[in-house]
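Down below is the structure, laid out as structure tokens.
Note that the structure is a prediction, hence the values are computed from the model and not measured.
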Amino acid sequence: MERPTSEDSGVTAEPRVLRRDEWDTWYGTLIRAFSGVPESAEVLALYRELTQVDRSIGVWEGGSGGDGEGGACVGTAGAFAFGMTVPGGARVPAAGVTMVSVAATHRRRGVLTSMMRRQLDDVRAWGEPLAVLTASEPAIYGRFGYGAATFVLNAEIDTSRVRLSVPAGTDDVRLRYEEPADVIDACEEVYARLVPGRPGMLARRPGWERLALLDPESGRDGASPLQCVLARRGGEVTGYARFRVRPAWGPEGPKGTVVLDELAGLDPATEAALWRFLFGIDLTSTLAVRGRPVDEAWQYQVSDVRRCRPELRDALYVRLVDVGAALAARTYQAPVDVVFEVEDAFCPWNAGRWRLSGDAKGASCERTSDPADLALSVRELGSAYLGGVSLGSLGAAGRVREVRGGALAAASVGFGSDVAPWLPHGF
């Protein structure tokens, strides 16, 4: 994948929309850029099906590509159509930028910049106010206006020494092993009920539920096939956990690891019951946790958080493609009335002054000639958009300039979210 450089120039072919019969070559270019390790036939088949060809682009050099004239694919990029929850619970159209790569032979020729230019123009034409991505190399995307907006928590929990305190009602939850494929609809119903309650969550399009069940042996790293436990209260399915177990033995006995793939619960008691179960699986002493919400309750239920080895990592990057529509689509936890002076060299239609007025009931954001209260780039707006990064912190970092005294503190409170934004899965 291409790195930021001031030498981007000399593109010899313009990006164009992918044709279905070019997918194998296009996707092969992507795989080669990410080290070239082949994927299983099952994984390839699902991604071929999920790819929205009319929203995918490539750069072809030396021919037209799939027509037998010898064209080489040297760049790839896609954009899934998603609906993303924003503060206030609304679902906003968002382009999920994905499958971005540049052939190593064509770095620093402007290939990436040309694809990002074409893609953001397309997203604007589609009427989607947001573009979002997860970055393999975070340094790349800031110059295109993307800001880190959500973070996730990883942990390696020593379950042989850490104990879990659970809330009242946990013992009312019943757990049962199920075959993952047999209960996929029940799990998806739980997930769908959670989507409106947390900013950053994506409404899964048809077919995406099957990604969670992909289980090639090559990807298990010595662990078991995927396992699933379903939680019920009063006969209703209220949660689930998908996980693997990696067995190991030492001189002192068993020391296996539970590898958590996904956990979801509709209430605190269900979540606690699932965590307690994972802590207590026989012949294991470690619970490996990846990509969890930074405000998740288990952190405050454990007896020793240090022995959980928590680690913070960046996750979702947000780009406001239409500043006015994006800021008006969410609500604000405290009243805001602020004029932003927005810098956006890559999407100049966003540049200039915008007056945002809103509260917990709704908002408007319109062009204005009034004096600015805060000055920032579209990248900072992307970071703050979901409420997980404060404008105040960005101001302290020198990335937001306060023009009118007191404006930064008021806007920072308004942009916040009681629930930390979270992206539960990649795309």
Side-chain angles (χ1 to χ4, degrees), residues 79 83-95 97 116-132 141-149 199 317-392 394-395 398-417:
M84 186 176 72
T85 301
V86 300
R91 184 180 298 175
V92 176
V97 175
M116 293 292 100
R117 168 78 281 132
R118 168 64 186 269
Q119 188 176 69
L120 287 171
D121 288 343
D122 286 346
V123 173
R124 185 189 187 201
W126 297 331
E128 297 169 2
L130 300 171
V132 298
Y141 291 99
R143 61 181 166 140
F144 303 120
Y146 289 88
Y317 286 70
V318 172
R319 210 277 185 218
L320 275 61
V321 180
D322 183 332
V323 165
L327 293 180
R330 57 157 292 180
T331 63
Y332 299 85
Q333 66 175 2
V336 294
D337 185 14
V338 60
V339 175
F340 291 112
E341 180 80 43
V342 179
E343 176 190 343
D344 193 348
F346 203 70
C347 295
W349 58 80
N350 284 325
R353 294 177 190 170
W354 297 85
R355 177 175 288 279
L356 170 66
S357 299
D359 55 24
K361 296 180 180 179
S364 64
C365 188
E366 304 290 344
R367 288 284 187 181
T368 183
S369 58
D370 293 342
D373 300 317
L374 298 175
L376 72 178
S377 81
V378 73
R379 181 181 177 186
E380 284 68 60
L381 281 178
S383 291
Y385 184 72
L386 294 175
V389 176
S390 80
L391 284 171
L394 293 170
R399 292 174 53 187
V400 177
R401 181 168 61 88
E402 186 176 57
V403 181
R404 176 176 61 83
L408 182 56
S412 187
V413 172
F415 267 74
S417 172

Margin query: Rounded to the nearest 0.5 Å, what separates atom CG in Leu320 from atom OH in Tyr385?
Written below: 6.5 Å
Check: For Ala372, does its backbone N or O pair with a side-chain atom of Glu341 as donor and acceptor, under 3.5 Å?
Finding: no
Notebook entry, point to check: Rounded to the nearest 0.5 Å, how far does CZ of Phe340 lie from CG of Leu327?
Noted result: 6.5 Å
Notebook entry, point to check: Can you tell if the side chain of Arg379 reaches within under 4.5 Å of the side chain of Arg399, non-hydrogen atoms only?
Noted result: yes
Checklist line | Beyond-backbone contact of Val92 with Leu130, side-chain heavy atoms, under 4.5 angstrom | finding: yes
Item checked: Separation of Phe144 CZ from Arg117 CZ (nearest 0.5 Å) -> 9.5 Å
Margin query: Can you list everything that forms a salt bridge (Lys or Arg N to Asp or Glu O under 4.0 Å) with Asp337? Sequence neighbours excluded, please.
Written below: Arg355
Notebook entry, point to check: What are the two closest non-hydrogen atoms of Val389 and Ser383, and how far apart are they?
Noted result: CB-O, 3.4 Å
Notebook entry, point to check: Looking at Ala384 and Leu391, what are the two nearest heavy atoms and their distance?
Noted result: CB-CD2, 3.8 Å
Note to self: I'd like to check the salt bridge (Lys or Arg N to Asp or Glu O under 4.0 Å) partners of Arg91; sequence neighbours left out, ordered by chain and number.
What the structure shows: none
Next item on the list: Can you measure from OH (Tyr317) to OH (Tyr146) and round to the nearest 0.5 angstrom?
Entry: 12.5 Å
Note to self: Tell me whether Asp373 contacts the main-chain N or O of Val338 through its side chain, where contact means a donor paired with an acceptor under 3.5 Å.
What the structure shows: no
Note to self: Consider side chain to side chain contact (heavy atoms under 4.5 Å, CB included). Of Leu356, Leu374, Asp370, which one does Val339 pass it with?
What the structure shows: Asp370
Checklist line | Closest non-hydrogen atom pair between Pro93 and Glu128, with its separation | finding: CB-CG, 3.9 Å
Notebook entry, point to check: Got a sec, which residues hit salt bridge (Lys or Arg N to Asp or Glu O under 4.0 Å) with Asp344, two or more places apart in sequence or on another chain?
Noted result: Arg319
Checklist line | Closest approach of Ser417 to Pro199 (non-hydrogen atoms, all atoms of both residues) | finding: OG-CG, 3.8 Å
Next item on the list: Look only at the side chain of Gln119 and the backbone of Val123, and say whether a donor-acceptor pair between them is shorter than 3.5 Å.
Entry: no
Checklist line | Closest non-hydrogen atom pair between Val321 and Trp349, with its separation | finding: O-NE1, 2.7 Å
Notebook entry, point to check: Does the side chain of Glu380 pick up a donor-acceptor pair with the side chain of Ser377 at under 3.5 Å?
Noted result: yes
Margin query: Could you check whether any side-chain heavy atom of Pro348 comes within less than 4.5 Å of a side-chain heavy atom of Glu343, counting everything from C-beta outward?
Written below: no
Margin query: To the nearest 0.5 Å, what is the distance between CG on Leu386 and OG1 on Thr85?
Written below: 9.5 Å
Item checked: Closest heavy-atom pair and its distance - Gly414, Val336 -> CA-CG1, 3.7 Å
Next item on the list: Nearest 0.5 Å please: distance from the CG atom of Leu394 over to the CG atom of Leu376.
Entry: 8.5 Å
Check: Does Phe415 offer a backbone N or O that forms a donor-acceptor pair with the side chain of Arg330 under 3.5 Å?
Finding: yes
